[in-house]
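Let me begin by presenting the structure, written as structure tokens, before commenting on it.
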Amino acid sequence: MTLRNVYASKEGKAIGMGGLAVILLVLPRLLGGNDYLLQVATMMALYVVLASSLNLIIGFTGMYSLGHGAFYGMGAYTSAILSVNLGWPFWITMPLGGLLTALVGAFLGLATLRLRQTFLVFGTLAFGEIVRILIMNWSSLTRGPMGIPGIPPPKVFGTELTSSTHYYYLILVYAILMVFAIFRLYYSRIGRAWVAIREDEVAASSMGISVFGYKILAFTISCLIAGLAGAFYAHFVTFISADQFGMGESFLILTMVALGGTGSIAGPIIGACILIVIPEAFRFLAEYRMVLYGAMLIVVIVLKPEGLAGIKGLFMPTTGGRRRTTLFRREPKVAAVKAGGSQ
Amino acid sequence: MALLDVKDLVVHYGKINALKGVSLHLDKGDFVTLIGANGAGKTSLLGALSGLVQATSGTVTFKGGDLLNEAPEAYVKGGIAHVPEGRKIFGELSVEENLYAGAYIIKDKAQVKSLLERNYQLFPRLAERRKQEGGTLSGGEQQMLAIARGLMSDPEILYLDEPSLGIAPLLVDKIFEFIMQINAMGKTILLVEQNANLALQVAQYGYVLETGKITHEGNCARLREDDAIRCAYLGVNGNGN
Amino acid sequence: MFLQQLINGLAQGSLFALIAISFSLVWGLLRMVNFAMGEVYMLGAYAGWLVVMYATPNLGVALVAGFVIGWIVGWFIEKVAFKAMRGVPHIASLVCTIGFSFFLKELASALFRAETKSMPSYYSDTAFTFAEANISYLQIIMVVIAVVMMVLLQILFYRTKIGLAVRAVALDYRTASLMGMKVDRVTSLAFSLSGALAGFVGVLAATYYNAVNASMGFVAGLKGFTAAVFGGITSIPGAILGGYLLGAIENLSVKYMSSGYRDLVSYFILITFLLFRPNGILGKKAKL
Amino acid sequence: MQNKWHSLVGVTLLVGGATGAWAAPSTIHIALTAPITGDYAEYGNNFKHSVELAIEEINGKGGALGKKFELSVGDSKGDPKESAILAQKWTSDSTILAEIGDFTSTCCMASQPIYNRAGVIQLSPTASHTKFASGSKWSFSAYGTQYWEQPVMASLAVDKLKLKTAAILYINNDWGVDTQKFFKENFEKRGGKILAEESYFSGETDFNAVLTKLKGAKPDALFIATMYNDGALISKQREKMGWNLPVIGSSALYSPQLIQLGGTAVNGVYSNVSFFAKDPDPRIQSFVKTFETRYGNSPNFAAALAYDCVYLLAEAVKRANAMDRSAVRDALAATKDFKGLAGSITFTQDRDAIKSYKPVQVVNGDFQLVK
Amino acid sequence: MIMEIAKLEKHFGGLVAVQEVDLALAAGSIHAVIGPNGAGKTTFFNAITSIIPCDSGQITWKGERIEKLSPQSISAKGIARTFQNIRLFAFMSVLENVIAGTHNHFRSFVWGALTRNARYRREEKESREMAMALLEKVGLAEKHAEYARNLPYGEQRKLEIARALASRPDLLLLDEPAAGMNNTETEELEQFIRALRAEGLTVLIIEHDVKLIMGLADRITVLDHGVKIAEGTAAEIQNNEKVIEAYLGKRRV
């Protein structure tokens, strides 16, 4: 018996993973050089990373954040400024972007000392907006609303990565590494501490888990990953501006996590893939495209509130939630039971 | 005819079986107590008997009508008042507002007024503090308020969940006097208590609930003499002390 | 000019204050936030605009229309995003209202076409000039409406039976249900009322700015929430106070620093208050 | 549930893959990227409608080189990410000759490297970022940067209206900052003085505060670097404040909606046009009329620019006398004195359009050319 | 004395939950705290484990003052506890709950988790073996893969004890461990606690089941309304007039 056989059997997972890996590796071939689909796949991979990293905060540790767009942007801006202004290579600026974001994330993690639930949502949202406004106004560093054009693409062994296939593989490697890292963290002493905090902070602290320390750790790692993703994005699009990292991005990433399912490894991956594919698949609807997108979001969340691949009942407090359910969702009486009982 | 008749009530919380087929019987004017340790399922039982908790199966017959798994307001309208554990008064509402909240289902303003007056007569302490916020009352006063609030819907049956909880001993006596007084007024009472000794002294009939099942029932006087109960609930050592 | 900024701030603050009340109502009952509140406001504005353009030029009717539409949409959002989802993850409700925000905004954009619609002016003449500061009739009306709304709501909550039920449910819904209060109905009512208020303010804002468009709701919603936290989200007087203060501070901040940092001031206030005084200026004492 | 999603992804991939095979070489296939939904939907729809109209006209006259135009439309939502995805979609379709769009500079610049790599013409009707067209030899802007436009307005202000001082209110985005910068530069070059500058973020509706502050600087004139809808709001709020002074804006103010929204408040506002709907030119008149009857609203500057873009391409194809992407690009880059609805276009070395601008003023609820 | 508590006090608003309580705990003993509902027993526990900070008083643990420490530091010092209203990690498996209890005994961190180096693997193996051993001990080994929330009440209590033991404490605080257990389970629990003492563990227990306490505890402290009213052996307590009056209830009516 494996440690986590609660969630899925290891053999099945291994086969699935192997198959998936093969498909992902030969995808550019499969698509026959269709760069459009490759671009969609690249975006999926990027958002898989972003959503998975946010899941560290929301799904594992049970906190909230609506500032992920800003973290992502911070990584992008740091890397872009360093490489455009100082001419540093991608392989140096990218980790620096991640580190700076992680630092800010750790700082924001301090806020979790005082903020909970919805207040944390708004605290992080306001923080994200402050970052955006600063980027817009700090023209001498960020070029303000003009954005930063001409960000050099990354180089590998002296050759610039320019084709869609290059980018695809680069982000694929990055995404696999990050998801793998998140996976390993989740199934480790650290992941258990996070989940313990999510489940019951008081009990976790009496088990010797430093609640505050692990919350900050979750924020730091999550922001590190998002910052790295931002840096990648900057060198991928070669032009960034503040409006690419606004609230809309934060909403999108949060939605991916919630739709896919909080607290599981697969959830954010599924959520990210769906929310990138759906708008593409709905293109034929023209101006009703986003109407349907919104409607779909509502319907899915109402039908499967824990998300498509989430853990059923997660975040339902064992006592409070149950009582609320019985109070508000009156299930129809089962006639047979009553007949049997009233002899 | 029985006022409240409960048969084979089963309640599950997820996979946990909190009540495993409980049957109770209350006639009009009865003073019945239900004792049991923490976690025995007392609060779940009261919840299921006032619509707060969804039962899996069983019957709850009140005045001949079936109430199982109806919404809480159906119970209140039927004539059941539930004074919850821990008093649960509305801390930020004044004493009077708390009482008005208790009379929520009564449409007739004059009747509400007269119920209010009656409660103030019964609990003069509350009349003195009618404008005070409920949260600022002492524990005993809060318990009185909770009972008075329960009476405001002019119920036929009053559930009292652990009225002695966290209250100074002198006041506990006082509150139990009130409860007996209310019973004497003709209200049926179902008292849930952990303080078995006290409960078995004031009530007429008792049920003992253990891990979701009724293990003993009978006349309180008889239950008090029962060895098993003396040993488990009255703190008297079974090895003859 | 200080006085003029202050007056502008108060007029704008009236709008913030009314939206803040909407947030307070929902917060008080569910300890949750409706992210689609700004979109309800936007739909209210469209309803008012439709009335004025196609039915009657009477502003009163337009305001009523905004109120009604807001009521209906608020009711619907509660039914879908909150009622159907009670006892389920908090985050799901949150995302569901984000879905609504998307849906309503794009629906309005698709139905009414994206361009900004013009709302006719009402009472825009200067009522009087005081130390170089102009005050229009509409500005006075807005302040009066906000204050009247607050008084009406205070009466509703403190002088009526249904108000008592709302307060009781907000404090402890389980115990309230033991009193025979229909928790669902009370929640639904408060939610609808909050939507109605948002719709109503939408018409007022449309009149004040003479413009209606599909994306007008987002900033308004966020500012309204900030105002609510600022003044004290658990209380209606707090929400009103927060609205007026936020309006005044925002407008005065422009006087003393670059307007590029105007929103920064709001967000800074939001974060500061969330961190250090989450019960707002009026604090815990104040209640719904 | 998951299976359904899998199949959905599969279907999308299949459909997407198939588009590549639908190549029909008998047409001139162009793509339009525009914000059909989202905050800029209004402009996106203007793009779409006028491009459709232009293609219909051209095809009605037999197309170019005997080939008809074919259009594919993609909605970018104003989101750079989607714009880039669409860019990949268009560039991976070998039948597509050129792309028109996107609306915002940010979107255009985010997708620019993709067009550049693939060697596909990216012709934006409205991208105004000074670094856009110069960023890639495949990128063109038909808008004309503020570098060309603002001298006209500055000259109007100083030389004609004899204004000495001005205050500037601009929207805080790339276009707004450019507009503000070039107006200021040219205004000061001509001896004027900017007394105050304030910016605002998109989505703002309350301008009372900034206006009151600018009023405090007591300028002779107010320059507003805003789109028409904000311009109307600003004018209304300015009027209510009782602040009357000459107001000068840029070509983005030119829209029938400015007057609808602004009412009497926008009377006297100066703007400039390269496209003027009142122009007696029969081409313009027929365009405006067809557009209005078909789509129910009047075309704005964005519509005219997008319309011109189609004709620019058609002409380039004719001049290149080939359907080759690179030949058409060269021909397009060589465009000189192209007569469009929105004035004549000559591309600079950097593929920005040099255009002619005519100052207009709102007089009694109508735009009139300033004589 | 392994732990000495002096004049511990905790107020909630105007309510005095715990008032100047002294308590000395002998190493290797089973010490019970009893008292009527609302007597402040759980608050007392919470104050000892810093889950709520005490207002005043001193707690000395092996000669060291600990009343100002954080809950996790107190756990690190070797004090573990269970909760009256069961606070398991509901969405973790039974085994993981116990492994989470071993948190403090291992040091591998992010790097170890990412690389799964030798130390990490050793620690994981050790912690799993330790946890499984504990589960065997409480008889839950077969259910190690279930979600904790799916266990019946009595087993959840057992699991909570196993989780507390996983931190290898010197002192175990049990808050009403028998609540919700049936007679057989209670007897098993009694045996289990005795076995723990035999291993050298000190146990401080709050319990309502008087029968269990009387048979089990070496010393009993009685709290009533936050005040310690008696302390002694089972026999002493049962004959203490004050206790009979306040806790067992005088004959009323």
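Every value quoted in this text rests on a predicted model; they were computed, and no experiment measured them. The sequence lines fix the lettering, A, B, ..., with proteins before strands; numbering per chain opens at 1.
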Can you name the nearest heavy-atom pair linking A:Phe119 to C:Pro278, along with the distance?
-> CE2-CB, 3.4 Å
Carefully, step by step, assess C:Val80 and A:Val302 under the rule side-chain contact (heavy atoms from CB on, under 4.5 Å).
-> CA-CA 7 Å; C:Val80 175; A:Val302 168; 3.5 Å; yes
Look at atom CZ of C:Phe76 and say whether more than 12 heavy atoms of other residues, nucleotides or ligands are closer to it than 6.0 Å.
-> no
Does a side-chain heavy-atom distance below 4.5 Å link C:Leu264 with A:Asn137?
-> no
So which of A:Ile130, A:Leu259, A:Leu297 has the biggest tally of heavy-atom pairs under 4.5 Å with chain C?
-> A:Ile130
List the steps, then state whether side-chain contact (heavy atoms from CB on, under 4.5 Å) holds for A:Tyr288 with C:Leu111.
-> CA-CA 9 Å; A:Tyr288 286 93; C:Leu111 286 180; 4.2 Å; yes
Name the region of A:Leu252, side chain, backbone, both or neither, that has any atom closer than 4.5 Å to a heavy atom of chain C.
-> neither
Supply the atom-to-atom distance C:Tyr261 OH to A:Leu134 CG, rounded to the nearest 0.5 angstrom.
-> 6.5 Å
For the residue pair C:Cys96 and A:Ile298, what are the closest heavy atoms and their distance?
-> SG-CG2, 3.9 Å
Nearest non-hydrogen partners of C:Ala92 and A:Pro305, listed with the distance | CB-O, 3.5 Å
Which residue out of C:Phe102, C:Phe276, C:Phe268 racks up the most heavy-atom pairs below 4.5 Å with chain A?
-> C:Phe102
The ring-ring contact (aromatic ring centres under 6.0 Å, His included) partner of A:Phe122 among C:Phe230, C:Phe225, C:Phe273 is C:Phe225
Closest approach of C:Ile271 and A:Phe127, non-hydrogen atoms and distance?
-> CD1-N, 3.6 Å
Only one of A:Leu120, A:Thr124, A:Leu115, A:Val121 passes side-chain contact (heavy atoms from CB on, under 4.5 Å) with C:Leu274; say which it is.
-> A:Leu115
When rounded to the nearest 0.5 angstrom, what distance separates CD1 in A:Ile301 from CD1 in C:Ile98?
-> 9.5 Å
Would you check if the distance from the ring center of C:Phe35 to the ring center of A:Phe251 is below 6.0 Å?
-> yes
Hey, does A:Met247 have a side-chain heavy atom less than 4.5 Å from the side chain of C:Leu222?
-> yes
